[in-house]
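Notes follow the structure.
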Amino acid sequence: MQVRVVEVDVRRPRYRYAGFVWVETEDGARRRLPLVGTVAQWLHVGETLHASFADPEAITFDNYTLARDIPLWPPFQREYMHERRSPLSQNVVYAYRILAREAQFERDYEAIVELEQYHYASDEAIIACWYCEACHRYEEANVRPRCAQCGQPMRFHDVKSATRASRFLVLELVERAAYEPRYVAYVRVDPPIPLMHRRLPDGAIERDIRQRVFPAAWFTHPFHPEVWAREHALSWWEAQARALQEVRSPVSRLARVVVHPDYRVDGLGQLALQAMIDWLQERWVPEMRVAKAAVETVAMMARYNPFLEKAGFIYLWDTASGRPVLYYPLSEEAKARITHFLAEDPVAREHGGRLYRTRFTVEAPLSGPIVLRDVAKTYTNRLDLNALSPAMQEVLTAFGVRHRVVQKHVLRRVQVTFAPGSINIIVGASGSGKTTLLRLIYGALTGQDDPLYRADEGEVEAPTNARVALLLPGEVEPDFGDAPIAEVLYRLTGSEHMAVELLNYAGISDAVLYRAPFRELSTGQKERARLAYLLALRPNVVLIDEFAAHLDLATARRVARRLGTLARQHGITLIVVLHRQEVIDALEPDAVYIVGYGTFFKVADWPERGFRVREPYATYIVEGKKRWEIRKHPTRVRGRVGVISGGRLVGTVEIQDVHGPYTVEELADHYDRHLAHPRFLREYAGGGKVYVWELAHPEAWVPPPPVPTKRGQQVWVTLREQKDQASTRQETTVSRETPFGEPHAQDL
């Protein structure tokens, strides 16, 4: 139905989230409509609107609609699915479900203040103004204060940098972990600024530059309360109210886009801009009077971060004060005028609408592969009690610890080729040799003479143009000193642009942290700063031990995806040690290798076959505790085979030989090798003899991949590798026969 506005009730203290409009229906009935002052203040007394009421006798905040040519109420909201895809396969690695909606609650503005502090505030900056409803006084603070007079909690009034014309859009995580924030971004939209001039490369100023590109009428009714305050001696609140009534422009201004620092490297800035564009096109924000043809923004940070241009904004000029101005065309007319300006204006033709360009470069990828041939490394430790006090010597002696020499093979017969530009993951149990492998690669690439970084046997072939960056926590780490982290990166690169770019790549996008010394960062921030330092060396080989160990899962996936993308773009060979499957998926490596107490093999290289073993014996085998497998039949199979239990490939082991047949009594003295209880052996043998499969070089697979098998008496499983478009998967088929053509009895 049609209604006429008869009164607008917007009160200063809580106008952001509380307001009322009185309307009169065609039959003369009056209705009081609750809404927010940021919408109500744009309405004119006497104008006709369209309204619908779910219950005309009980109108609440959300059970009616109000519209002109476009919807006015309820506020805009739209849900988005933000997918993060692999740069290699384009598969979805993870996704965000985001709700974008116009700010309408007090809690929304509290979240805006918090986000604003993340991005802009220094220790001294105060962002928000608060109001005491009991004492009628205002106070500035960045968190909700208590009134200094009455002690009551104060109510939010406004963001100090905003005007009454400012409208806010907030972005919420619909699905989030308990440790993730609810609000991840906000956007602020204002009317275009009243005047704009251009600074030319020679320093000359060209006045009213916008009128050279767009119709002058687009900017003839700006929001300019300073004029009303000066000419009519009005208070700032009243001057803004008068200015609101005159504003109308097909151009809106993007005044702020702020993303939570933990989410800036994941494209949420671009998503926030897309939500803003949808908002403007649907609601004609901020004044809701004319359709929007373009969005303008003045943003110095656009020189250092490309997200505006990635979202479709086009750089046109610098203001008289030297700040970049970018436009997003919403109409064909705006697009045509921008295109014409870029083609005809000599200065614009030079930059072509582009402001940001990446500074990060790598001189050249590796000239050849890194090849390890029959590489072996053995560690020898000589233990004695000389450094202990008499009391502790007595304790260790009680455990039988005196003097001994401990030797172990850490790596044995390692054969592997790391191709230039490949991404490689190393996994394995603690102490299995992962760090040793990185040391040997680093030693070969840098010509180290230290025995710690040299192989005992075999050779490591290293390309001559290797420029390597290594991170071994606690052993080889960046030296930040006491300087701010951004300053350290600037000194390394010689470019302030590259310093910011690398911090962004590493997941540190909070400008406040740029000025912090390394010691003031959190553990997770330190890990990301170390990564930025490695990249600042502009290496073509990066070796990282315990990658993402101190990052929460969501942050680890974001950083891993960005690192993988950067490595592929620049041909960087990446060799990292990590354990978390979700992070492995985000990197989408070319190969995953398992290191394990002398063994080394590629995960994708599944053994041709595996045998089924019940627990706990399967775990005993891959842990090296069970070295004999007892069977009723011998086997001709030799070499590496899989150990399958519970439908998963829990690891591999080598069958070196088969001995027997033996009686149960002959095996009784070798329990430490087969771990089978004598009673169970007797039941299994059934009065007959059994064979010993001698096992060696076990390796546990973490996590164990699934192997679909069928129920029954089958023992051997044939493993066949298949690859689909999305990822490497393992498909299995179950053999119904033993190597000798007859079913085996139940396995041990």
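The backbone N or O of Ala376 lies less than 3.5 Å from no partner atom in the side chain of Arg412, so there is not a single donor-acceptor pair. Using modelled atom types, one side-chain atom of Thr446 and one backbone atom of Tyr442 make a donor-acceptor pair closer than 3.5 Å. Side chain of Asp374 to backbone of Glu459: no donor-acceptor contact under 3.5 angstrom is found. No donor-acceptor distance shorter than 3.5 angstrom exists from the side chain of Arg373 to the backbone of Arg413, with no hydrogens or angles considered. One N or O on the side chain of Glu477 and one on the backbone of Gly474 form a donor-acceptor pair closer than 3.5 Å. A donor-acceptor distance shorter than 3.5 angstrom exists from the side chain of Arg264 to the backbone of Ser509, with no hydrogens or angles considered. Although no hydrogens or angles enter the test, the distance criterion places a donor-acceptor pair under 3.5 Å between the side chain of Thr573 and the main chain of Gly421. A distance-only check finds no donor-acceptor pair linking the side chain of Glu527 to the backbone of Gly524 [under 3.5 Å]. The closest donor-acceptor contact from the side chain of Lys626 to the backbone of His674 lies under 3.5 Å. Side-chain atoms of Arg627 do not come within 3.5 Å of backbone N or O of Ala696 as any donor-acceptor pair.
For the pair Leu437 and Tyr593, the minimum side-chain heavy-atom distance is 4.5 Å or more. Counting heavy atoms from C-beta outward, Val427 and Val595 have side chains that stay 4.5 Å or more apart. Using a 4.5 Å heavy-atom threshold, the side chains of Arg682 and Pro678 count as touching. Val653 places none of its side-chain heavy atoms less than 4.5 Å from the side chain of Val622.
Under the salt bridge (Lys or Arg N to Asp or Glu O under 4.0 Å) criterion, no residue pair touches residues 534-557, with sequence neighbours excluded. Residue pairs satisfying the ring pair (Phe, Tyr, Trp, His ring centres under 6.0 Å) criterion with at least one member in residues 525-576, sequence neighbours excluded, are listed as follows: Phe360-His570, Phe480-Tyr533.
Here the straight-line distance linking atom CG of Leu563 with atom CG of Leu535 works out to 6.5 Å at 0.5 Å rounding.
In this structure, Tyr620 places its OH atom where only 12 or fewer heavy-atom neighbours from other residues, nucleotides or ligands lie under 6.0 Å away.
Residues satisfying the salt bridge (Lys or Arg N to Asp or Glu O under 4.0 Å) test with Glu457, not counting sequence neighbours, are none.
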